[in-house]
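Written out below as structure tokens is the structure these notes cover.
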Number of protein chains: 2
Amino acid sequence: MGASARPGAAPAASFDAFGAKSAQYKPHEVVFYEGDPADRIFEVARGTIMLFKLLPDGRRQVVEVLRTGDIFGIPNGDEQDCTAETLTDARVNMLDLTQVEGSPAIQRQLTRCLVAQMQSLHEHAVLLGRKSATERVASFLMHLVPDRGTNACAGPVDESNDTRQVKLHMTRQEIADYLGLTIETVSRVISDLKRRGVISVERNDEIRLNKVCAVCQLTGRH
Amino acid sequence: MGASARPGAAPAASFDAFGAKSAQYKPHEVVFYEGDPADRIFEVARGTIMLFKLLPDGRRQVVEVLRTGDIFGIPNGDEQDCTAETLTDARVNMLDLTQVEGSPAIQRQLTRCLVAQMQSLHEHAVLLGRKSATERVASFLMHLVPDRGTNACAGPVDESNDTRQVKLHMTRQEIADYLGLTIETVSRVISDLKRRGVISVERNDEIRLNKVCAVCQLTGRH
DNA sequence: CGGAAGGTTGAGGAACCTCAAGCATGGTGG
DNA sequence: CCACCATGCTTGAGGTTCCTCAACCTTCCG
């Protein structure tokens with residue numbers, strides 16, 4: 001659930017202006033682990049990052065997928081509640097807690113980000129609690145299309161040419177853990193959508209939505 | 001997922017100090033509907049409130065259950081993304097957006113609340129995406145026990161007398177919509193726990209956990 | 001006493017998971 | 001250049017969990 005299509009989402013890389021430290025990551029590097037001491041706040045300056053939680057027996061749930069401008073890792077208590085791992089090459093800004101407390105400008109921006117992310121989490125709760133496998137995958141794909149798949153869907157710009165290629169940046173396993181499914185179910189749904197002509201799989205992590213509206217119809221929101 | 005056991009949660013009814021308006025509600029009254037104009041922020045001064053979203057075909061997901069001190073309805077864009085409905089008698093404080101923007105004190109508290117609620121949403125995503133029906137119900141019950149069922153579980157104070165009565169404040173249908181199950185499944189799980197002697201149902205919305213630790217063992221977090 | 005609302009229980013079915021085998025793709029080394 | 005392997009993905013068969021539909025029970029209240 002990226003921030004790209006979120007109304008009110010923060011502009012990119014805004015902590016730069018506040019003298020934040022920053023770090024570079026390759027795909028599938030861990031920024032911090034669940035249980036690590038939490039004493040800073042983080043911002044995605046570039047790339048995509050996922051937050052996930054593990055159950056003791058190894059079950060995993062990806063709880064958020066964050067894009068440029070999103071913030072994460074804000075302390076509540078003194079431990080991180082999730083593990084943060086990059087999906088792509090990424091740059092992350094880090095800001096000390098004391099800096100945050102002192103700046104009303106950062107506070108305001110923080111609030112805006114948090115509220116936007118909270119709404120994404122609400123939407124995702126509906127997906128996890130009430131949607132079928134097909135609806136979950138369709139919703140996932142729609143969230144990768146800027147300005148569609150959110151409440152404020154712009155609709156097709158050009159009816160006759162309503163196609164779009166999206167890059168997933170996630171393996172089937174990660175998608176499954178995000179959508180509360182198994183890898184096999186995700187694979188089967190994608191194969192089925194392919195068979196029905198709704199999508200084309202160009203590469204494993206690159207999918208063409210042949211008719212964006214048709215995918216949108218499958219999300220359960222219509 | 002109440003705030004009562006959340007480390008860092010706000011103290012009760014803190015907006016009082018900022019000259020907030022407040023309103024009284026009976027059980028099952030709507031505070032606002034999804035789609036209503038969003039121009040204020042709300043705080044639970046007393047009682048319990050749930051936020052839920054509906055799909056067009058009537059499926060419902062309760063996304064948050066809020067207790068005293070929690071805030072909700074914060075605008076992002078100009079429409080509410082959820083419906084807010086009381087579960088019990090409740091009092092709600094309302095603060096104008098302009099008041100919030102002007103006060104760093106409110107901002108700070110807002111941030112603290114939002115981060116705490118976000119962690120609850122993370123936990124709930126794990127429940128919805130990865131837990132079995134029994135694990136969901138057990139987790140739900142544990143969240144009604146102060147200082148247990150969260151990461152910071154205090155453990156039994158007195159091993160030999162580790163029993164606790166909890167009041168649900170929710171119908172089976174509401175619990176089902178919160179846990180991503182059907183009313184029948186919730187009922188069956190409760191009957192099963194009863195049969196196994198883990199809980200006793202004193203009244204429909206009042207349950208005794210005969211051994212809190214035993215219930216905790218069923219949550220999937222052990 | 002009768003009705004309404006909420007809850008329980010049972011039988012059967014659908015959706016998704018598990019387990020297992022096989023298929024692509026890409027990289028490495030002979 | 002091609003065999004080989006590793007990783008990730010797909011497909012199939014069968015099983016489990018939960019859902020659906022329907023009947024019945026319980027409690028409360030007029």
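Here is how names work: the chains are called A, B, and so on, in the same order as the sequence lines, proteins then strands, and each is numbered from 1.
- Shown here for B:Thr163 and B:Asn210, the closest heavy-atom pair between the two residues is CB-O, 3.4 Å.
- Using modelled atom types, one finds no donor on one side chain facing an acceptor on the other under 3.5 Å when comparing B:His124 with A:Gln61.
- Remark: B:Arg60 pairs with B:Asp177 by the salt bridge (charged side-chain N to carboxylate O under 4.0 Å, His left out) rule, at least two apart or across chains.
- Between A:Arg136 and A:Thr219, the closest side-chain pair of non-hydrogen atoms is not below 4.5 Å.
- Heavy-atom distances to DNA chain D give each of A:Val186 and A:Arg130 a nearest nucleotide, and the one nearer the 5′ end belongs to A:Val186.
- Listed by chain and number, the residues in a salt bridge (charged side-chain N to carboxylate O under 4.0 Å, His left out) with A:Glu29 amount to none (sequence neighbours excluded).
- Judged as a side chain to side chain contact (heavy atoms under 4.5 Å, CB included), and not counting sequence neighbours, the contacts of B:Gln217 are B:His222.
- The salt bridge (charged side-chain N to carboxylate O under 4.0 Å, His left out) check on B:Asp89 picks up nothing, with sequence neighbours excluded.
- B:Met94 and B:Ala23 get closest at one heavy-atom pair: CE-CB, 3.6 Å.
- Less than 4.0 Å separates DNA chain C from no heavy atom of any residue of residues 194-202 of chain B.
- If you take CZ of A:Arg203 and C1' of D:dG8, they are 13 Å apart, rounded to a whole angstrom.
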Could you write out each protein N or O paired with an N or O of nucleotides 21-25 of chain D at a distance under 3.5 Å?
from, atom 1, to, atom 2, distance (Å)
D:dC21, N4, B:Glu184, OE2, 3.0

Listing time: all N or O pairs from protein to nucleotides 2-4 of chain C that are below 3.5 Å?
none

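- Residues from residues 167-176 of chain B with heavy atoms under 4.0 angstrom of DNA chain C, sorted by number: B:Thr171, B:Arg172.
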What are the atom names and distances for every N/O pair under 3.5 Å that joins the protein to nucleotides 12-16 of chain C?
from, atom 1, to, atom 2, distance (Å)
C:dC16, OP1, A:Ala133, N, 2.8

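- With 3.5 Å as the limit, one finds no donor-acceptor pair spanning the side chains of B:Asp205 and B:Thr171.
- Between the side chains of A:His122 and B:Glu64, at least one donor N or O sits under 3.5 Å from an acceptor N or O.
- Nucleic acid contact for B:Ser191: sugar-phosphate only, since backbone atoms but no base atoms lie under 4.0 Å from a heavy atom of the residue.
- In this structure the side chain of A:Leu51 never reaches within 4.5 angstrom of the side chain of A:Val62, judged on heavy atoms.
- Among residues at least two apart or in separate chains, ring pair (Phe, Tyr, Trp, His ring centres under 6.0 Å) pairs with a member in residues 43-74 of chain B are B:Phe32-B:Phe72, B:Phe42-B:Phe72.
- Remark: B:Thr182 engages B:Glu184, B:Thr185 in a side chain to side chain contact (heavy atoms under 4.5 Å, CB included) (not counting sequence neighbours).
- Nearest heavy-atom pair, B:Leu168 versus B:Asn204, reported as atom, atom and distance to 0.1 Å: CD1-O, 3.9 Å.
- Every residue was checked against the salt bridge (charged side-chain N to carboxylate O under 4.0 Å, His left out) condition with A:Glu85, not counting sequence neighbours, and none meets it.
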